[in-house]
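Read through the structure below, which is laid out as structure tokens, and then see the notes.
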Amino acid sequence: MPIQAPLRKGSEDPYVTIAQQQLIALGYGLPRFGADGMLGDETLFAYGVFLVSQGLRAPTDERPKSITPAGAAALDMAFKALDQGGSEANIIDERANHPHAGRSVDTPYRLWSKITAVVLHQTATNLGEKPARWHSVPIHFCITRAGKVIQLYDLTEVCNHANGLNRPSVGIEIDGWYAGIEGQPKTLWQPKTKKLATPRQPMNLPTVQAEAARATVQWIVNTVAANGGKVTHIHPHRQSSKDRQSDPGSLIWQTVGLWAQNTLGLSDGGAAFTVGNGRPIPEAWDVRYTGNRY
Ligand SMILES: [Zn+2]
């Protein structure tokens with residue numbers, strides 16, 4: 001137990017700073033006061049939202065007026081679980097070596113507060129494990145099939161990965177080629193420039209790669225929150241480009257995109273959401289969207 005007795009509003013107990021840092025790391029931003037060591041309304045509000053996420057409080061219940069020992073223990077446990085998942089140490093930083101040629105010309109940089117989304121992609125090729133092979137790819141993060149996470153762009157750089165979603169989003173490329181609809185090899189995109197002797201067969205999604213992608217989404221959400229912003233959405237590239245029908249495909253979307261919605265509370269924008277000439281999420285990817293064609 002991090003504390004023995006409830007801490008009430010106005011408390012400056014040393015534990016308050018720890019709780020505030022843990023809330024920020026977990027994605028419950030404290031945009032006005034940050035980790036200031038004072039238990040005020042902002043911290044109690046974030047703590048209340050955290051309790052709802054843990055099933056320890058109903059959204060309609062009165063907002064907490066104190067941090068209880070049980071709530072503090074739950075916060076500590078969630079923080080420790082986070083620490084075992086995506087931590088900064090797992091990211092290979094390739095930003096200084098990358099030429100950044102895919103940075104937006106019109107809007108090269110943005111404020112943290114303008115970052116509101118994550119976009120998932122499949123590479124539809126196999127770039128492999130060497131960071132230098134990714135230098136031609138305009139994307140913030142790539143996830144290799146061995147589960148490496150390579151960062152190529154700053155989060156505050158706008159790069160050309162997702163058409164009309166470039167400005168608000170951080171992009172993640174998941175290496176490999178995947179069927180548009182799992183179990184339907186015909187929905188696998190085949191390169192037209194090269195004549196392949198035998199057509200590609202869809203790849204599986206290694207567990208280490210899926211876990212690295214999830215950890216990266218979590219890390220982005222936490223890092224944006226720690227800098228005063230808030231990621232609220234996650235999108236498949238398909239939603240912003242008609243030419244990216246199978247991007248990233250049902251397997252990645254269900255394993256990472258739906259996970260992020262269920263676990264982190266992100267939104268995909270809903271059944272009809274598109275940007276530019278994109279296509280809505282099909283029923284084959286998300287059973288909520290009855291009637292949405294592939
Ligand atoms: Zn894409």
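Ligands are counted one by one from 1 in listed order, and the atoms in each one are counted from 1 as well.
- D247 lies close to the Zn ion (ligand 1), since one of its N, O or S atoms is found at a distance under 2.8 Å.
- Of all N/O/S atoms in H237, ND1 sits nearest the Zn ion (ligand 1).
- Of all N/O/S atoms in H121, ND1 sits nearest the Zn ion (ligand 1).
- Side-chain contact between Y178 and T123 is absent, with no heavy atoms from C-beta onward closer than 4.5 Å.
- Judged by the 6.0 Å distance and 45° axis criteria, R238 is positioned over the aromatic ring of W285.
- Not one N/O/S atom of H161, from backbone or side chain, sits under 2.8 Å from the Zn ion (ligand 1).
- Between H100 and H98, the ring planes lie perpendicular to each other; the angle is over 60°, past the 30° to 60° tilted range.
- By the 4.5 Å heavy-atom criterion applied to side chains, V118 and H140 are not counted as neighbours.
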